[in-house]
Amino acid sequence: MESRVSFAAVGAFVIFLTTALVAGFLWLSSGKYYRKTYDTYQTYMAESVAGLNPSSSVLYRGVNVGRVRAIALAPDNVELVQLTLDIERGTPVKVDTIATLQTQGLTGIAVVELTAGQRESPPLQARPGEPYPVITAGESLYSRLETSIPNLLASLNRTSDSLNALLDGENRAAVKKTIADLEV
């Protein structure tokens with residue numbers, strides 16, 4: 001007994017299934033459920049943005065609200081790094097919102113963290129002559145540590161020198177004698 005297979009039926013089934021898969025993929029990726037609208041902002045960092053890449057995340061209070069579109073030196077000031085950010089429409093970017101550079105975990109991957117402004121503050125708008133609104137940049141934790149650690153070390157050195165001067169040979173002998181007298 002030999003089974004007879006209709007190659008025309010198998011071919012029609014394969015073509016139908018392929019068409020259905022392509023149509024389903026196009027429908028799902030067409031986007032009204034997945035596509036988000038973004039507003040463009042800029043910020044200017046005065047520190048190194050090492051570890052930050054185009055497509056790095058932009059976080060608002062820890063929530064992913066966008067991505068870094070472009071990183072370049074500022075055209076009018078080479079001491080600043082210009083970041084172009086795409087942020088989801090509806091994110092409350094206000095005039096007192098601050099953008100800082102943060103690193104995540106041990107990997108050193110950098111993100112831009114936006115801190116919330118006051119609830120009553122007006123939304124950030126582009127100034128005349130600027131293509132996009134500019135978010136004020138704040139110092140990152142690394143930058144603050146870089147400036148404060150030398151001051152801390154200098155203070156520790158002064159304290160150590162003062163203790164060494166206080167505990168010279170004569171003072172150590174006097175403290176030793178006082179302890180011996182207290183024991184008696």
Side-chain angles (χ1 to χ4, degrees), residues 13-152:
F13 178 74
V14 169
I15 290 174
F16 172 75
L17 186 61
T18 304
T19 304
L21 285 173
V22 169
F25 177 75
L26 291 175
W27 178 69
L28 287 175
S29 66
S30 67
K32 90 174 186 181
Y33 298 106
Y34 299 105
R35 185 176 299 152
K36 296 179 182 176
T37 305
Y38 293 93
D39 293 323
T40 303
Y41 295 87
Q42 287 184 328
T43 188
Y44 295 91
M45 298 279 178
E47 60 189 277
S48 171
V49 294
L52 190 70
N53 299 313
S55 298
S56 290
S57 295
V58 175
L59 305 177
Y60 186 88
R61 292 187 154 193
V63 177
N64 191 350
V65 294
R67 63 183 172 81
V68 176
R69 183 196 305 171
I71 303 171
L73 291 176
D76 54 344
N77 186 354
V78 295
E79 293 178 358
L80 297 175
V81 177
Q82 175 183 334
L83 302 177
T84 305
L85 311 173
D86 287 334
I87 299 174
E88 288 179 24
R89 184 163 288 152
T91 302
V93 179
K94 310 269 183 147
V95 294
D96 54 354
T97 298
I98 301 206
T100 57
L101 194 64
Q102 302 286 335
T103 56
Q104 292 184 327
L106 299 173
T107 60
I109 295 173
V111 297
V112 176
E113 176 81 31
L114 301 177
T115 56
Q118 298 295 321
R119 182 177 295 190
E120 302 82 27
S121 298
L124 184 63
Q125 301 292 326
R127 294 184 198 134
E130 292 179 344
Y132 306 112
V134 176
I135 301 172
T136 305
E139 280 189 304
S140 68
L141 174 65
Y142 179 75
S143 177
R144 290 188 306 247
L145 286 175
E146 190 175 32
T147 57
S148 64
I149 285 180
N151 295 336
L152 176 67

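Atoms considered below: every heavy atom in the structure, side chains included; atoms not considered: hydrogens, waters and symmetry mates. Only a predicted model underlies this, so the values are computations on that prediction, with no experimental measurement involved.
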What is the minimum heavy-atom distance between I98 and A137, and which atoms define it? CG2-C, 4.1 Å
Starting at CZ of R67, measure out to OG1 of T84 and round the result to the nearest 0.5 Å. 10.5 Å
Just verifying a value: how many Å separate R119 CZ and K94 NZ, rounded to the nearest 0.5 Å? 8.5 Å
Between I135 and T97, what is the shortest heavy-atom contact and its length? CG2-O, 3.6 Å
Quick one: are V68 and V58 in side-chain contact, heavy atoms under 4.5 Å? yes
Enumerate, atom names and distances included, each donor-acceptor pair closer than 3.5 Å involving a side-chain atom of residues 71-83, sequence neighbours excluded.
residue : atom : partner : partner atom : Å
N77     : OD1  : E79     : N            : 3.1

Got a donor-acceptor contact below 3.5 angstrom from the Y44 side chain to the V134 backbone? no
Could you state the interatomic distance from OH (Y60) to CG (L114), rounded to the nearest 0.5 Å? 7.5 Å
Looking at R61 and E113, what are the two nearest heavy atoms and their distance? N-OE2, 3.2 Å
Identify the two heavy atoms, one from D96 and one from Q118, that lie closest to each other, and give their separation to 0.1 Å. OD2-N, 2.9 Å
What do you reckon, is CZ of R89 surrounded by more than 12 foreign heavy atoms closer than 6.0 Å? yes
Any idea which heavy atoms bring Q42 and P131 closest together, and the distance? OE1-CG, 4.5 Å
In this structure, which one of T40, T37, D39 forms a side-chain contact (heavy atoms from CB on, under 4.5 Å) with D86? T40
Report the distance from atom CG of L59 to atom OG1 of T115, rounding to the nearest 0.5 Å. 12.0 Å
To check you understand the geometry: which heavy-atom pair defines the closest contact between Y38 and V65, and what is its length? CE2-O, 4.3 Å
List for me each residue that meets side chain to side chain contact (heavy atoms under 4.5 Å, CB included) alongside V95, sequence neighbours excluded, and say none if there are none. S121, P122, L124
